[in-house]
Amino acid sequence: MSSPEQWTHPEPGGGPAATAAKPTPEQVIAGLRATNEGGAELVELLTPEGERVANPEFDKFVADIGAEELRGLYRDMVLVRRADREGNALQRQGQLGIWVPLLGQEAAQIGAGRALKPQDMVFPSYREHGVAWCRGVKPEQILATFRGTQHSEWDPVEHRFHPYTIVIGNQVVNATGYAMGQKFEGKVGNEPDAEATMVFFGDGATSQGDVHEGFVWAAVYDAPVVFYCQNNQWAISEPTERQSRLPLYQRARGYGFPGIRVDGNDVLACLAVSRWALEECRSGNGPVLIEAFTYRMDAHTTSDDPTRYRLSDELEAWKLKDPIERVRVHLVRSGMAEPEFFDEVQLEADQLASELRAYCFNMPDPPAERIFSKVYAGGNPLLERERDEYLEYLAGFEGGAH
């Protein structure tokens, strides 16, 4: 897997908390030089130091990415991170019931999200704010989900982006079924209109039966589905090595389809590998498993306390592999961006944060009948009768509500 140092985790009470411990100078240097973190088979196009490295197999999948496109990827990651940080702050202020941070996983999500074509379908878990951004779902719509006022404020058909799935791993079965439908309906192999499905889940979900069922059915039917595992090293409080004896991408071999590990903090590599995998699926070559080797820089959710199970030397080492910083350094070193560009992006991020705060503070509660709407595709007499009875009950209170 990765270096032995990374996989040494503290037992409860066995070491200083993550807010207290500090990396040694040697550890800092090791982190800066750890360009091959994740094993020899890791696909990487942009090192943590911002240096472009050639890859004969995958360079062709990002041959169209020039200065303008790279600046666009940088902008995506900065704005998504700012929206994520604002969501975290709003939860702490009591405006949201919970928030699921994506801090540190921006490259894994933006790279995959920008690889998708409009006709492709996406099944997220509950942390894919960056992929949602790429599919045209507004951050405000995601806030409504975590405030509890909407299950999904976006149209999944219009955006080709399924509602968030809270049940761990369940979206993998759903995505596989959808991809099987794409295959049965002849939507595979007919370029340029061929379709594929991409489903996102974490390393912890790989221990769920739904994920394995999805793998089995996808393999049997050659379903055009890309299984995109964001291995952020921690399934809440359990490290990955307590769930698997081998790297997660190698599990694909047991089901008969290819698996690949990519540097999840390298947006260029994530874009290239995702494009390759999606093309494999659209052309009828069956499913692919991608393991995006990244790191969760924040808590699992705002109800989690990561200082109870991990040390700060691990966290500090991964900060040196920050996905946004490596693109910024590359842009500067290559002369692809001037200081004015970074200032403009920062101003745009500030404006986005301001708009999100204003929206959240003024978000209206949905009407009572909302809970009965969009439950079924068509009318349902029983549901309609329950709705009418409930609204009549509410009307009995002073002011028509209680």
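The first residue of the sequence shown is numbered 1, and numbering continues consecutively from there. As a basis for the values below, the full set of heavy atoms in this structure was taken, side chains included, without hydrogen atoms, waters or symmetry mates.
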Check for a donor-acceptor pair, side chain of Glu106 on one end and backbone N or O of Gly104 on the other, with a separation under 3.5 Å.
yes

Would you say the side chain of Arg81 lies within less than 4.5 Å of the side chain of Ile324, judging by non-hydrogen atoms?
yes

For the CD atom of Glu280 and the CG atom of Asn285, what is their distance to the nearest 0.5 Å?
4.5 Å

Short side-chain to backbone donor-acceptor contact, Gln250 and Pro247, under 3.5 Å:
no

How far apart are the C-alpha atoms of Asn232 and Gln105, what are their side-chain angles, what is the distance that settles it, and do they pass the side-chain hydrogen bond (donor to acceptor under 3.5 Å, both in side chains) test?
CA-CA 8 Å; Asn232 63 21; Gln105 298 178 222; 2.9 Å; yes

Do any N or O atoms from the side chain of Glu316 and from the backbone of Asp313 form a donor-acceptor pair under 3.5 angstrom?
no

Taking 4.0 angstrom as the limit, do Lys187 and Glu185 come out as a salt bridge?
yes

Under the criterion side-chain hydrogen bond (donor to acceptor under 3.5 Å, both in side chains), I'd like the reasoning laid out for Ser125 against Glu128: C-alpha separation, chi angles, the key distance, then a yes or no.
CA-CA 7 Å; Ser125 61; Glu128 277 67 59; 2.6 Å; yes

Is there a donor-acceptor contact under 3.5 Å linking the side chains of Thr197 and Gln182?
yes

Counting only N and O atoms by type, is there a donor-acceptor contact under 3.5 Å from the side chain of Glu291 to the main-chain atoms of Tyr249?
yes

Between Trp133 and Gln109, is there a side-chain heavy-atom distance shorter than 4.5 Å?
no

Verify whether one side chain among Asn88 and Asp84 offers a donor that lies under 3.5 Å from an acceptor in the other.
no

Output field: ring centroids Phe146/Tyr126 closer than 6.0 Å
no

Is His162 reaching over with its side chain to a backbone N or O of Val122, donor-acceptor style, under 3.5 angstrom?
no

Are Thr240 and Asn231 close enough that a side-chain donor and a side-chain acceptor fall under 3.5 Å?
yes

For the residue pair Glu384 and Asn380, confirm or rule out a side-chain donor-acceptor distance under 3.5 Å.
no

Please evaluate residues Glu314 and Arg310 with respect to the criterion salt bridge (Lys or Arg N to Asp or Glu O under 4.0 Å), reporting the C-alpha separation (whole Å), side-chain torsions for both, the decisive distance (0.1 Å), and the verdict.
CA-CA 7 Å; Glu314 177 180 303; Arg310 69 183 186 190; 5.2 Å; no

Got Asp76 and Arg114 here, is their nearest side-chain heavy-atom distance under 4.5 Å?
yes

Quick test of your reading of the model: are Glu51 and Arg333 salt-bridged, counting only N-O distances below 4.0 Å?
yes

Does the pair Asn265 and Asp322 meet the rule for a side-chain contact (heavy atoms from CB on, under 4.5 Å), with working shown?
CA-CA 7 Å; Asn265 284 20; Asp322 186 283; over 6 Å; no

Salt-bridge test for Arg82 and Asp350: reply yes if a basic N is under 4.0 Å from a carboxylate O, no otherwise.
yes

Where do Arg147 and Asp365 land on the salt bridge (Lys or Arg N to Asp or Glu O under 4.0 Å) test, with the steps shown first?
CA-CA 10 Å; Arg147 191 180 178 97; Asp365 291 332; 5.0 Å; no

Determine yes or no for a side-chain-to-main-chain donor-acceptor pair under 3.5 angstrom, with Ser334 supplying the side chain and Leu331 the backbone.
no

Main chain of Ser303, side chain of Thr301: is a donor-acceptor contact present, judged purely on distance under 3.5 Å?
yes

Under the side-chain hydrogen bond (donor to acceptor under 3.5 Å, both in side chains) criterion, do Glu355 and Gln351 qualify, and how do the steps go?
CA-CA 6 Å; Glu355 292 173 357; Gln351 180 63 30; 3.0 Å; yes

Take Arg75 and Val78 through the side-chain contact (heavy atoms from CB on, under 4.5 Å) test and state the conclusion after the steps.
CA-CA 5 Å; Arg75 172 183 174 272; Val78 170; 5.9 Å; no

Is the side chain of Tyr228 donor-acceptor paired with the backbone N or O of Ala108 at a distance under 3.5 Å, no angle test?
yes

Once you measure the plane-to-plane angle for Phe58 and Trp276, does it fall in the parallel (<30°), tilted (30-60°) or perpendicular (>60°) bin?
perpendicular

Kindly check if the number of other-residue, nucleotide or ligand heavy atoms within 6.0 Å of CZ (Phe184) is above 12?
yes

Between Phe227 and Phe215, ring centroids under 6.0 Å
yes

Would you say that Gln230 contacts Arg127 through its side chain, given a criterion of any heavy-atom pair below 4.5 Å between the two side chains?
no

Taking Glu68 first and then Arg71, would you say they form a salt bridge - that is, a charged N and a carboxylate O separated by under 4.0 Å?
no

Is the shortest heavy-atom distance from the side chain of Tyr74 to the side chain of Val345 under 4.5 Å?
yes

Show the numbers, then the answer: is there a side-chain hydrogen bond (donor to acceptor under 3.5 Å, both in side chains) between Asp388 and Tyr393?
CA-CA 9 Å; Asp388 295 341; Tyr393 166 75; over 6 Å; no

Can any side-chain N or O of Tyr309 pair as donor or acceptor with the backbone N or O of Ile236 at less than 3.5 Å?
yes

Would you check, one step at a time, whether the test salt bridge (Lys or Arg N to Asp or Glu O under 4.0 Å) holds for Arg85 with Asp298?
CA-CA 10 Å; Arg85 295 297 81 199; Asp298 204 344; 2.8 Å; yes

Kindly compute the distance separating OG (Ser244) from CZ (Arg251), expressed to the nearest 0.5 Å.
4.0 Å

ring-ring contact (aromatic ring centres under 6.0 Å, His included) with Tyr164: which of Phe200, Phe123, Trp154?
Trp154

Could you walk me through whether Leu143 and Leu356 pass the side-chain contact (heavy atoms from CB on, under 4.5 Å) check?
CA-CA 8 Å; Leu143 292 181; Leu356 286 176; 3.9 Å; yes

As an exercise, state the distance from CZ of Phe342 to CZ of Arg328, rounded to the nearest 0.5 Å.
6.0 Å

Within the 4.5 Å heavy-atom criterion, are Glu325 and His330 side-chain neighbours or not?
no

Salt-bridge contact Arg296-Asp203 (side-chain N to carboxylate O under 4.0 Å)
no

Is there a donor-acceptor pair closer than 3.5 Å between any side-chain N or O of Arg326 and the backbone N or O of Leu46?
yes

Could you give me the CA-CA distance, side-chain angles and deciding distance for Asp263 and Phe293, then say whether side-chain contact (heavy atoms from CB on, under 4.5 Å) is met?
CA-CA 5 Å; Asp263 185 341; Phe293 196 82; 5.9 Å; no

Please round to the nearest 0.5 Å and tell me the distance separating atom CD1 of Ile110 and atom CG of Leu102.
8.5 Å

Sort out for me which residue in Val131, Leu116, Asp120 forms a side chain to side chain contact (heavy atoms under 4.5 Å, CB included) with Met198.
Leu116

Can you confirm whether or not the ring centre of Trp99 sits under 6.0 Å from the ring centre of His129?
yes

Test salt bridge (Lys or Arg N to Asp or Glu O under 4.0 Å) on Arg357 and Glu86 and set out the steps.
CA-CA 7 Å; Arg357 285 196 300 272; Glu86 206 58 44; 3.1 Å; yes

Any carboxylate oxygen within less than 4.0 angstrom of a Lys/Arg side-chain nitrogen, looking at Glu41 and Arg261?
no

So do the side chains of Lys321 and Tyr295 get within less than 4.5 Å of each other, counting heavy atoms only?
no

Report yes if the side chains of Glu195 and Arg160 come closer than 4.5 Å at any heavy-atom pair, otherwise no.
yes

